[in-house]
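One structure is given below, encoded as structure tokens.
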Number of protein chains: 2
Amino acid sequence: MSDSSLAELLRARGLRLTAQRQLILQAVLDLGHATPEQVHTAVREVAAGVNITTIYRTLELLERLGLVTHTHLSHGSPTYHAAGEDQHVHLVCRDCGAIDEMDPELMRPLAEQLARERGFRVDIGHVSFFGHCARCGNGSQE
Amino acid sequence: MSDSSLAELLRARGLRLTAQRQLILQAVLDLGHATPEQVHTAVREVAAGVNITTIYRTLELLERLGLVTHTHLSHGSPTYHAAGEDQHVHLVCRDCGAIDEMDPELMRPLAEQLARERGFRVDIGHVSFFGHCARCGNGSQE
DNA sequence: CTCTCTGCAAATGCTTTGCAGATAG
DNA sequence: CTATCTGCAAAGCATTTGCAGAGAG
């Protein structure tokens, strides 16, 4: 499914289908949420020689092709995940770093209110909430 | 107002009140939203010799003192702003880069729903929404 | 006077770029 | 075959750290 669409998208632009590109896309799909470095680690398990540079270049390419997206969670590294229908909102725990997801539908009322009152159209696919997950922040208030 | 509280907070910890610290705090208060580099630029207009290193160290200090907070908007650089009562949610326009604010009260229903259903406590002061502001994204659907 | 701050320069970590050989089509 | 890819090494940024002199209290 993804391999063939990758091939098509590449060929349509005169670009080439390579093992690295397939592996990197697959890694992003498998990992769900991953930084370039995590993708690198995952890909290396299958093909040891793949360079981190190629990860960066390919993630950028896959994003241009519309197959993946990235978000900036808290600090430094961007997180990549598959693009497409299943847009989701990230719930990032400040304590344990866990990344959970929630249904973007829950954003709908707020998004509509902002659009109506401010003319601001929220990009629902890029929303991240920071806070404390059930496991970490339950008892304490701070 | 802020100078005296800065002095107190510093003295309470055996730390010192310096010109740089006052200028940097003032810059953050004036700028509203600013990256370390923007703070640096602003401070330099008054005191040319202040080093970027001092900006980083002081912003970290001011944050520890509870006077400022930072958020990570879209790419790399963190954005600092005054902490305190007036918590707000950022609305960042992907087109023109403008940073607007909205009343965090609007987040309340959603935050409560998340707490109830998932046990996730959203840190409302650190929420940022990306999208298109009234000026930029009005006509097109994109 | 003492202990904290600051500026400078070098180190670090993540990401990007240049180039020549490897390879898809 | 030819133009695109990849790996390697080096360059770039933003941020951090070490150190010795400057300065607050």
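Numbered from 1 within each chain, the chains take letters A, B, ... in sequence-line order.
B:R13 is linked by a side-chain contact (heavy atoms from CB on, under 4.5 Å) to B:L15, B:L65, counting only residues two or more places apart in sequence or in another chain. Residues passing the side-chain contact (heavy atoms from CB on, under 4.5 Å) test with B:A47, sequence neighbours excluded: B:L23, B:V50. Taking A:D123 as the reference, B:R94 meet the salt bridge (Lys or Arg N to Asp or Glu O under 4.0 Å) condition, with sequence neighbours excluded. Every residue meeting the side-chain contact (heavy atoms from CB on, under 4.5 Å) condition with B:E117, not counting sequence neighbours, appears here in chain and number order: B:Q113. In this structure A:E45 satisfies the salt bridge (Lys or Arg N to Asp or Glu O under 4.0 Å) test with no other residue, sequence neighbours excluded. In this view, A:R108 and A:E105 satisfy the salt bridge (Lys or Arg N to Asp or Glu O under 4.0 Å) rule, not counting sequence neighbours. Remark: A:R64 pairs with A:E60 by the salt bridge (Lys or Arg N to Asp or Glu O under 4.0 Å) rule, at least two apart or across chains.
At C:dC8, one or more side-chain N or O atoms of B:N51 fall inside 4.0 Å of OP1 or OP2 (strictly under the cut-off). Checking the phosphate oxygens (OP1, OP2) of C:dT23, no side-chain nitrogen or oxygen of A:Q20 falls inside 4.0 Å. Put simply, B:T54 has a side-chain N or O that comes within less than 4.0 Å of OP1 or OP2 on C:dG7.
At whole-Å resolution of the value, CD in B:Q22 and P in D:dG23 are 16 Å apart. Taking atom CD1 on B:I24 and atom P on C:dT6, their separation rounds to 7 Å, with Å as the unit. When rounded to the nearest whole Å, the span between CZ of B:R13 and P of C:dC5 equals 12 Å. Taking atom NE2 of residue B:H40 and atom C1' of nucleotide C:dT6, one finds them 12 Å apart after rounding to whole Å. Distance, A:L65 CG to D:dC5 P: 10 Å, rounded to whole Å. When rounded to the nearest whole Å, the span between CZ of B:R11 and P of C:dC5 equals 14 Å. One interatomic measurement links the two molecules: CD1 of B:I55 to C1' of D:dC13, which rounds to 17 Å at whole-angstrom precision. For the pair A:L23 CG and D:dC5 C1', the interatomic distance rounds to 14 Å; values are reported in whole Å.
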Write down the protein N/O and nucleotide N/O pairs, taken from nucleotides 1-4 of chain C, whose separation is under 3.5 Å; answer none if there are no such pairs.
| from | atom 1 | to | atom 2 | distance (Å) |
| --- | --- | --- | --- | --- |
| C:dC3 | O2 | B:R16 | NH1 | 2.7 |
| C:dC3 | O2 | B:R16 | NH2 | 2.9 |
| C:dT4 | O4' | B:R16 | NH1 | 3.3 |

Distances under 3.5 Å between nitrogen or oxygen atoms of protein and nucleotides 18-22 of chain D:
| from | atom 1 | to | atom 2 | distance (Å) |
| --- | --- | --- | --- | --- |
| D:dG18 | O6 | B:R57 | NH1 | 3.4 |

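Within the 4.5 Å cutoff, side-chain heavy atoms of B:Q26 are placed close to those of B:D30. The shortest distance between side-chain heavy atoms of B:P36 and B:P78 falls below 4.5 Å.
Residues of residues 41-50 of chain A that place a heavy atom closer than 4.0 Å to DNA chain D, in numerical order, are A:G49, A:V50.
Between B:A19 and B:E37, the residue whose closest nucleotide on DNA chain D is further toward the 5' end is B:E37. When the nearest nucleotides of DNA chain D are assigned to B:T18 and B:I52 by heavy-atom distance, the more 5′-ward of the two goes with B:I52.
Grouping the Ile, Leu, Val, Met, Phe, Trp and Tyr side chains by contacts below 4.5 angstrom, directly or via other members, places B:V92 apart from B:I124.
Evaluation of the ring pair (Phe, Tyr, Trp, His ring centres under 6.0 Å) test over residues 94-123 of chain A, restricted to residues two or more places apart or in two chains, returns none. Listed by first and then second residue, the ring pair (Phe, Tyr, Trp, His ring centres under 6.0 Å) pairs that reach into residues 12-33 of chain B are B:H33-B:H81, B:H33-B:H88, B:H33-B:H90, sequence neighbours excluded.
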